[in-house]
Amino acid sequence: MIITRNWLQEWIDISEIPSERLLSTLNSIGLEVDAHDKISLPKGVVVGLVKSKRRHENSDHLNVCEVDVGKQSLQIVCGAKNVEAGQYVAVSLIGAVLPSGLEIKPAKLRGVESFGMICSATELGLAKTNDGIMVLDSSIGELVLGKELREYEIFNDDLIEIELTANRGDCLSILGIARDLGAALDLPLKEKHEFEDADGAPGIGRILSVRASDEVSAKFAFRAYEIKGELKLNLKQTLRLASVGILQSCAVQNFINYATHSTGVLLRAYDFEKIASVDGKVALDIKPMPNGEFGVYAGKRLLSVAGICQDAELKACCSSKVVLLEANYTAPLIIAKAVNENKSLKGDEHVYRSSRGSEPKLRLGLDLLFRLLLKNKAVSLYAGTQKISNALEPLIVGFSEKEINSMIGAQIPRDKIVKILKRLGFDVGVEADLITAKVPPFRHDIVNSHDVCEEIVRIVGIDNIAAAPLSFYEKNRLNDTYVSLCNGRKLRSKAAAVGFFECVHYVFDDSKALQSLGFAPCKVKILNPINGELDALRPTLINHLLESAERNLKNSRRSVKLFELGEVFDADGSQCLRLGFIASGLKAEPSIAVGAKPAAVDFLYFANLIQSVIGKFKVRLPGENLKFLSEFEQAQIEQGGEIVGFIGRVDYAVEAGRDLDKSYLCEIDFSKLKFENIVADAYSKFPSVSRDLSILVPSGMRFEQIKQCIDALKIEALKELIPSDLYSDESLGDSKSLTIRLVFQDLQKTLCDEQVAGFTDKILAALSSELGLGLR
């Protein structure tokens, strides 16, 4: 966005603001100054009047002019085609040095003396305005012969280029920049009176009617004027358009560009005669299009798509007699979606503004344009405006002073907050502690209190907010999710440490294989499975572990130990985390260290490995046999008084069907595992004493009954109770000889034989009375 200080002055009084402060303020409020050039003409360039012009005797393209520069008249030879008598022109006097480095000296051109130079805009270091000399007019101020041009404000100006972010479409105009500067510098915008239609002018309704669908959520306004002579911009307007790089050859388009750059309102011009019907009237229809954009139709012909493109054949040009003007506003999101969805829409210069947010107050642009046209005697204006306005209601954001100050980290008084927002165009209401701000329609990027806070910080200035030391408050991450993650990592590390390899499988499984193992299918169906073997959510880790063990054995592995920590789904589709293990084949791969053929895995070996991973546990007889495990080697795992999973040997039929060696499986509900901190027990410094008791037990009795009987005695000195030998022969009949090792130790003293004997007698008495057992 390019602006000039002089142009900005028309919207806000910055006459007392130095250029340096102006630039720093723009930067501080987020309107980053990308480039700044000082426009200043050299000394010795003055206002002159061409009194006469005659052809050069020895040239067909040179003219000899008599130019009045106030105190004297000068003879100047000029080669410009547009020089004419009666023109006010820029004259470089003898001794002036132009920006190109050319020093003006007396010269003789083809035998005719010349004492100065009539200059073009480019020769004075200005933007190009035409192909000849620059003709002065009263728009730059009172033309005084001999007055230096550098004394006129238009020739002593600042050209500022601002780099805008995509959300600041409201600042793609002089008005938008002035509005932000006014809030930052506490300066009011200059009041712009609404344009009043000329008395006696024909109403636009005589030549135009407009209708729109109820679905059109946009704004449109139409006006018209008739050109009866030469339409021409004055010098100030021409210089401004040239400076910002939007000067064109068509006067109609230049007036539109001027109004749009000033106000941000999107304007289009149509050649009325090209779209008028037989009776000399135009009936316009505004309709929504497939991707949400809005089209302007005359009959069945599409004249334009609001904010995107226009039919080039119907565009007003220098030869147009009656010009139909359209001002429009469409929400930026609609424009962006339409352009993205329909690649055939070839957007013109409007898309850049409309997709970022143009000015929705259409009358601003139309009024300015008509005030400019009214000064031109070649134009006859039509009275009145045809409007269509179905725009959305503005957003209202509520917040408190405390909330805003908490975000900023500084205390901004409520009165200042309200004042800043009003300067920026918000309608602000205050009730108790609540501040409500109605977001102006040109600020589509503001949707919540955080955006409002950003506006306040911009205007206050980040440098004006006192720095405060940054305090770090680490949030406590020790929640259930974090603890579960850490526990899972610990288990995986322990499993790897005892020789298991981790495997990861899909959460999908083969429904037929699961059914053969006895698992009920999940009620939640997969509508589009990857393939036929992954057509169900898995209820267990077992099937995948069996398949992986089979693949490893078929690839010449003799010892396979795998585990997986993964998600499974119950019959209703509820998700939970399970830990699964499998050991198949030998205890270790054959090697020099373990021999040519190590022993095969067994229940006790596998259970010890699992215990090394999850900690101590007890085994219980299963309440119901699992189909895929051997009925002779399967058990439930108990930890902390709760059943957490199962362990056992794979059923022989399953082993044979999957080409597995002797294999053992274990699956545990991860959520039921006990992850308690390890507490070191006090140990005794005194020696322990052990005794072996060989007792006769019935063949069907479980050791668990014997242990429970002895534990009930609560002998503190009894540290270990383990079965050490089991013997049977024909002489014992249906009974067996079970040898139990008892280890006694006291924390305070060395136990004597009498004390140990007393403990042993107490145990034997309890076994006899409770279970009917005695010594062999």
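Around atom NZ of Lys53, more than 12 heavy atoms belonging to other residues, nucleotides or ligands sit under 6.0 Å away. For Glu196, the CD atom counts as loosely surrounded, since its 6.0 Å shell holds 12 or fewer non-hydrogen atoms of other residues, nucleotides or ligands. Within a 6.0 Å radius of NZ in Lys419, other residues, nucleotides and ligands contribute 12 heavy atoms or fewer. Crowding of Glu153 atom CD: a count of heavy atoms from other residues, nucleotides or ligands under 6.0 Å not exceeding 12. Annotation for Lys192: atom NZ counts as buried by contact number, over 12 foreign heavy atoms lying within 6.0 Å. For Lys38, the NZ atom is densely surrounded, since the number of other residues' heavy atoms within 6.0 Å is greater than 12. Surrounding CG of Asp131 are at most 12 heavy atoms belonging to other residues, nucleotides or ligands under 6.0 Å away. Few gaps surround CZ on Arg55; more than 12 heavy atoms of other groups in view lie less than 6.0 Å from it.
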- Message: What verdict does the side-chain hydrogen bond (donor to acceptor under 3.5 Å, both in side chains) test give for Thr4 and Asn6, after you've listed the backbone C-alpha separation in whole Å, the side-chain angles of each residue and the deciding distance to 0.1 Å?
- Response: CA-CA 5 Å; Thr4 68; Asn6 184 266; 5.4 Å; no

- Task: Given side-chain contact (heavy atoms from CB on, under 4.5 Å), test Leu303 with Leu284 step by step and report yes or no.
- Result: CA-CA 9 Å; Leu303 307 185; Leu284 297 182; 3.5 Å; yes

- Message: Between Glu32 and Asn27, is the side-chain contact (heavy atoms from CB on, under 4.5 Å) condition met? List the steps.
- Response: CA-CA 5 Å; Glu32 183 181 350; Asn27 281 320; 4.0 Å; yes

- Test side-chain contact (heavy atoms from CB on, under 4.5 Å) on Trp11 and Arg179 and set out the steps. CA-CA 8 Å; Trp11 292 92; Arg179 186 189 295 120; over 6 Å; no

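Between the side chain of Gln87 and the main chain of Asn82, a donor-acceptor pair closer than 3.5 Å is present.
With Cys119 as the fixed residue, the side chain to side chain contact (heavy atoms under 4.5 Å, CB included) test singles out one of Leu41, Leu149, Val91, Leu124: Leu124. Screening Arg168, Arg443, Arg423 against Asp180 for a salt bridge (Lys or Arg N to Asp or Glu O under 4.0 Å) leaves a single residue, Arg168. Among Ile334, Ile308, Val305, the one residue that satisfies the side chain to side chain contact (heavy atoms under 4.5 Å, CB included) test with Phe294 is Ile334. Checking Lys346, Lys274, Arg268, Arg301 one by one against Asp311, the salt bridge (Lys or Arg N to Asp or Glu O under 4.0 Å) holds for a single residue, Arg301. Of the residues listed (Ile12, Leu8, Thr263), the one engaging Ile174 in a side chain to side chain contact (heavy atoms under 4.5 Å, CB included) is Leu8, and it is the only one.
Note: Tyr225 and Phe370 have perpendicular aromatic rings, judged against thresholds of 30 and 60 degrees for the angle between ring planes. Note on ring orientation: taking the six-membered ring where Trp is involved, the planes of Phe155 and Tyr152 are perpendicular (angle over 60°, cut-offs 30° and 60°).
Of all non-hydrogen atoms in Cys309 and Leu345, the two that sit nearest each other are SG-CD2, 4.1 Å. Closest approach of Ser320 and Cys317 over heavy atoms only: OG-N, 2.9 Å. Closest approach of Gly264 to Ser173, counting heavy atoms only: N-CB, 3.3 Å.
Side-chain contact check for Ser19 versus Arg5: some heavy-atom pair is nearer than 4.5 Å. Side-chain atoms of Val97 and Pro42, non-hydrogen and from C-beta on, never get closer than 4.5 Å to each other. Contact of the Val210 side chain with the Val296 side chain is not registered, since no non-hydrogen atoms from C-beta on lie closer than 4.5 Å.
In this structure, a donor-acceptor pair under 3.5 Å is present between the side chains of Ser304 and Tyr270.
Between Lys315 and Asp271 there is no salt bridge, since no side-chain nitrogen of the basic residue lies less than 4.0 Å from a carboxylate oxygen of the acidic one. By the 4.0 Å N-to-carboxylate-O rule, Arg223 lies close enough to Asp367 to be salt-bridged with it. A salt bridge does not link Lys190 with Glu10: every distance from a Lys NZ or Arg NE/NH1/NH2 to an Asp or Glu carboxylate oxygen is 4.0 Å or more.
In this structure, Lys361 is not positioned above the aromatic face of Phe442 in the sense of NZ or CZ being under 6.0 Å from the six-membered ring centre and within 45° of the axis.
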